[in-house]
K.L.:
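First, the structure itself, so that you have it in front of you.
Convention: sequence-line order gives letters A, B, ...; per-chain numbering from 1.
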Amino acid sequence: MPTLTLPDGSTRTFDGPTTPAAVAADIGPGLAKAALGARVDGELVGLDHAIAKDAEIALITGPRGKNPCDADALWLIRHSGAHIMAEAVQKVFPDAMLVYGPPVEEGFYYDIAMPEGQTISSDDFEKIEAEMEAIVAADRPFTRCDMSADDGVSRLEQEGSKYKIDNARRAIEAGADSLSWYTTGTPGEHWDDLCRGPHVPSTGRVGGFKVMSVAASHWHGDADSDRLTRLYGTAFPDRKRLAAHLEQLEEAKKRDHRVIGRKLGLFRIDDMVGQGLILWTPKGAIIRQELQDFIGTELKRQNYDPVFTPHIGKLDLFRTSGHFPYYQDSQYPPLVDPDAMSRLVDEECSCADLSNRLREGDIDGYLLKPMNCPMHIRIFDGEPRSYRDLPVRLAEFGTVYRYEQSGELGGMLRVRGFTQDDAHIFCTEEQVQDEIAGCLELVQIIFKTLGIDSFDVRVGLRDPNATKYVGNPEVWDRAEDACRAAAETLGDAWHAEEGEAAFYGPKIDFIVRDAIGRSWQLGTVQVDYNLPERFDLSYIGADNAPHRPVMIHRAPFGSMERFVGFLIEHFAGAFPAWLAPEQVRVLPVSEKSSDYASNVYRTLRAAGQRVTLDEGNERLQARIRVAAEEKIPYLLIVGPRDAEAGTVSVRARGTERDLGAVPLQAFVDAISTETEDRCDGVVRGLFGDSDPA
RNA sequence: GCCACCGUAGCUCAGUGGUAGAGCACACCCUUGGUAAGGGUGAGGUCACGGGUUCAAGUCCCGUCGGUGGCUCCA
């Protein structure tokens, strides 16, 4: 006699074992029709799930009206969508073997092993979708069939799919004592697939779906294992929500920094220069320079010492740091000294030999620096240090080069040459906590000033079961506590991840998402016990004995390239005035006002604003449209009326008309304050509207 | 690096093996217009690059380079 408790606290008692479907029917026919699945004692289950004892139950239904779809409902729909797509694929490609098809954040995928020589291309999507359409239209029930583990495995062995056998074995190893299949329709008659479920009650409940893309993947995520075809799809309860999702994706693409960057002329990647190497055009350079100036003032406040170091250094430096040859795969090959090169040519040295001898250290060469720390360490070590000198904070916008795999490169977000807003803090063990706090404060100032409020903070801790870490455990514990405590000061969301620490120390990373939903690490703060050891760093303590300093690596922006790439998307190109490459554009109504317009232009220039004068012979509307597309924060429209009164008509970005006319000097003062204070809304404040755009 | 797709004017894109196209941007002319596209004319191309098939290739095939998405990596 199970008694079930509903989310509102009410209870219902049943005579014997029951199912969510029966519970829904008991409540009402509407709910019975709308139900997709249920959570029973927190576990997501199908409507046919047997409930034999008292439990808490929440029925899951599709969305009503314009409400967003419940996450559980979407999960069920997409999981079922993956099955429907798999069935369709096997109809189109009968020899395709299925591997694994889970729901994911934006939809689902199915990994498929295609027979030798066959591929799925985007041209096939239409055929697959047509088959899916037929399966959905038939509205066949998802029917679950359970088998004992032994019977299930022998069935799979008969069918001969090594992938499904593997899935089953893994499930059994994880503790499953039976295996289940889901049929889209009648078992024995219709298509089925090994699956733990649950699913929506019938195929018709997957109301809107689309095959999105095809990509390669590896079995078990192992690059050395079988190559699979991964087909991505998405599904929604209805076509309307699918259409809304697709439209949202289109919108997101318009925010892509590669699209906006080209449109606004912020940066270029040039084939002739090389993959993953950013050319900062004048407009993009302004944004970067403003950011560097911004953080520069904060660094001064926090007593950092700026330094400059070269782009290349001897291989021995990076042998000592451990970067070479350990990370050789992600470095540009070393540069060999010209004299040494001549000798090698005389010796008829082969490439393989050269590579070996560089690795062994027989010949020296130079490396494009993959990190700045070894250089900063040599600066620290260049003079004797007393505990009274600590902490030493060396800061540099240091450009580093890493030979990232070509398939990984993307716009400004993943590149081969980038400039870190890097600094290394050399301090005592006791100072670590305060120094980390100082670093986080920097990150906070940056994020707050730029209005970045959606980010993840990940505290990377060591994996308690691994032995790869350097430094002693008590020191690690203290550093990890310091990282946690510092993250705590950020208040909201941070999470610790075991095993995410670097081998040399724990770290705090700041992670954001780009326009199309991918995660990227921006700022980072890392404690390092390894490099001081490798370089044998020391300072003289109060006890007149040498001690090992601790190093902290930190880059609040991460890299200028990635940060600006992200920022372009964050602002969708509409930068606040202090960052905008062009802050103000003066638009004379007609040539009659061009003298006054020049006067306005010169006044703003003299006040240090980045201003242009558009004297084109287009109509005012056309010039406004162009300026609006260039996302210029302020347009000053000046005509005879303004010339007469000595005013400017201010049109702020994003407004339909000008805010009104103000005396020229009032505007100059307001925008100067707005840009100097790196804030928003001062100009608008002139018009009694202090809301930022 | 791997798999799939893509590469035509500065940009966005049409183009069925048979003479290279459009819109925007650009230049010039007309227009002097008070808040998101006034009109006209013109210039602009080794169809990514290199081979091949064919009477004929932007179009078909192979290779290279580059881009996109994903996988794998990411000190």
K.L.:
Using a heavy-atom cut-off of under 4.0 Å over every strand shown, decide if A628(A) touches base, sugar-phosphate, or nothing.
P.N.:
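Touches a base.
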K.L.:
Using only side-chain N and O atoms of R518(A), determine if any of them is under 4.0 Å from OP1 or OP2 of G70(B).
P.N.:
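It does, given that an N or O in the side chain of R518(A) lies less than 4.0 Å from OP1 or OP2 of G70(B).
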K.L.:
Check every strand shown and say whether A223(A) touches a base, only sugar-phosphate, or nothing at a heavy-atom separation below 4.0 Å.
P.N.:
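Sugar-phosphate only.
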K.L.:
Is R657(A) close enough to A36(B) that one of its side-chain N or O atoms is under 4.0 Å from OP1 or OP2 there?
P.N.:
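So the side chain of R657(A) is outside the cut-off, no N or O lying under 4.0 Å from OP1 or OP2 of A36(B).
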K.L.:
Could a donor-acceptor pair under 3.5 angstrom be found where the side chain of R619(A) meets the base of A36(B)?
P.N.:
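Under the 3.5 Å cut-off, the side chain and the base do not form any donor-acceptor pair.
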K.L.:
Once hydrogens and angles are ignored, does a donor-acceptor distance under 3.5 Å link the base of G34(B) to the side chain of S590(A)?
P.N.:
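Per atom types, no contact qualifies.
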K.L.:
With a 3.5 Å cut-off and just heavy-atom distances, do the side chain of D642(A) and the base of G34(B) make a donor-acceptor pair?
P.N.:
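Checked by distance alone, the answer is yes.
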K.L.:
What nucleotide, of G69(B), C71(B), G38(B), holds the atom closest to the side chain of I516(A)?
P.N.:
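Nearest nucleotide to the side chain: G69(B).
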K.L.:
In dot-bracket form, how is RNA chain B paired, counting a Watson-Crick or G-U wobble pair only if both its distances are under 3.5 Å and using | for bases paired to another strand?
P.N.:
(((((((..((((....[..)))).(((((.......))))).....(((((..]....))))))))))))....
K.L.:
Looking across every strand, which nucleic acid part, if any, lies under 4.0 Å from Y504(A) by heavy atom: base, sugar-phosphate, or nothing?
P.N.:
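The residue Y504(A) makes sugar-phosphate contact but no base contact.
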K.L.:
Could you tell me whether the phosphate oxygens of G34(B), OP1 or OP2, come under 4.0 Å of any side-chain nitrogen or oxygen in K592(A)?
P.N.:
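No, because none of the side-chain N or O atoms of K592(A) sits under 4.0 Å from OP1 or OP2 of G34(B).
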K.L.:
Reckon Q621(A) touches a base, only the sugar-phosphate, or nothing at all at heavy-atom distances under 4.0 Å?
P.N.:
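Counting heavy atoms under 4.0 Å across all strands, the contact made by Q621(A) is with sugar-phosphate only.
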K.L.:
Considering only heavy atoms, which members of residues 255-276 of chain A lie under 4.0 Å from some atom of RNA chain B?
P.N.:
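Only R258(A), R262(A), D271(A), Q275(A) qualify.
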K.L.:
State whether the side chain of N167(A) and the backbone N or O of V99(A) hold a donor-acceptor pair below 3.5 Å, judged by distance alone.
P.N.:
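Side chain of N167(A) to backbone of V99(A), a donor-acceptor pair under 3.5 Å: yes, one is there.
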K.L.:
Would you tell me if any nitrogen or oxygen in the side chain of S122(A) comes within less than 4.0 Å of OP1 or OP2 on C5(B)?
P.N.:
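Checking C5(B) against S122(A), no side-chain N or O comes under 4.0 Å of OP1 or OP2.
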K.L.:
Give a yes or no on whether a donor-acceptor pair under 3.5 Å exists between the nucleobase atoms of C73(B), that is its base, and the side chain of R414(A).
P.N.:
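Per atom types, the contact qualifies.
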K.L.:
Once you apply a heavy-atom cut-off of 4.0 Å, does R230(A) come out as touching a base, just sugar-phosphate, or nothing?
P.N.:
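Sugar-phosphate: the residue R230(A), judged by heavy atoms under 4.0 Å, touches backbone atoms but no base.
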K.L.:
Categorize N617(A) for me: base, sugar-phosphate, or nothing, with a 4.0 angstrom heavy-atom threshold over every strand shown.
P.N.:
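Base contact - N617(A) has a heavy atom under 4.0 Å of at least one base atom.
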K.L.:
On the 0 to 90° scale, with breaks at 30° and 60°, tag the Y163(A)-W219(A) ring pair as parallel, tilted or perpendicular.
P.N.:
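Y163(A) and W219(A): perpendicular rings.
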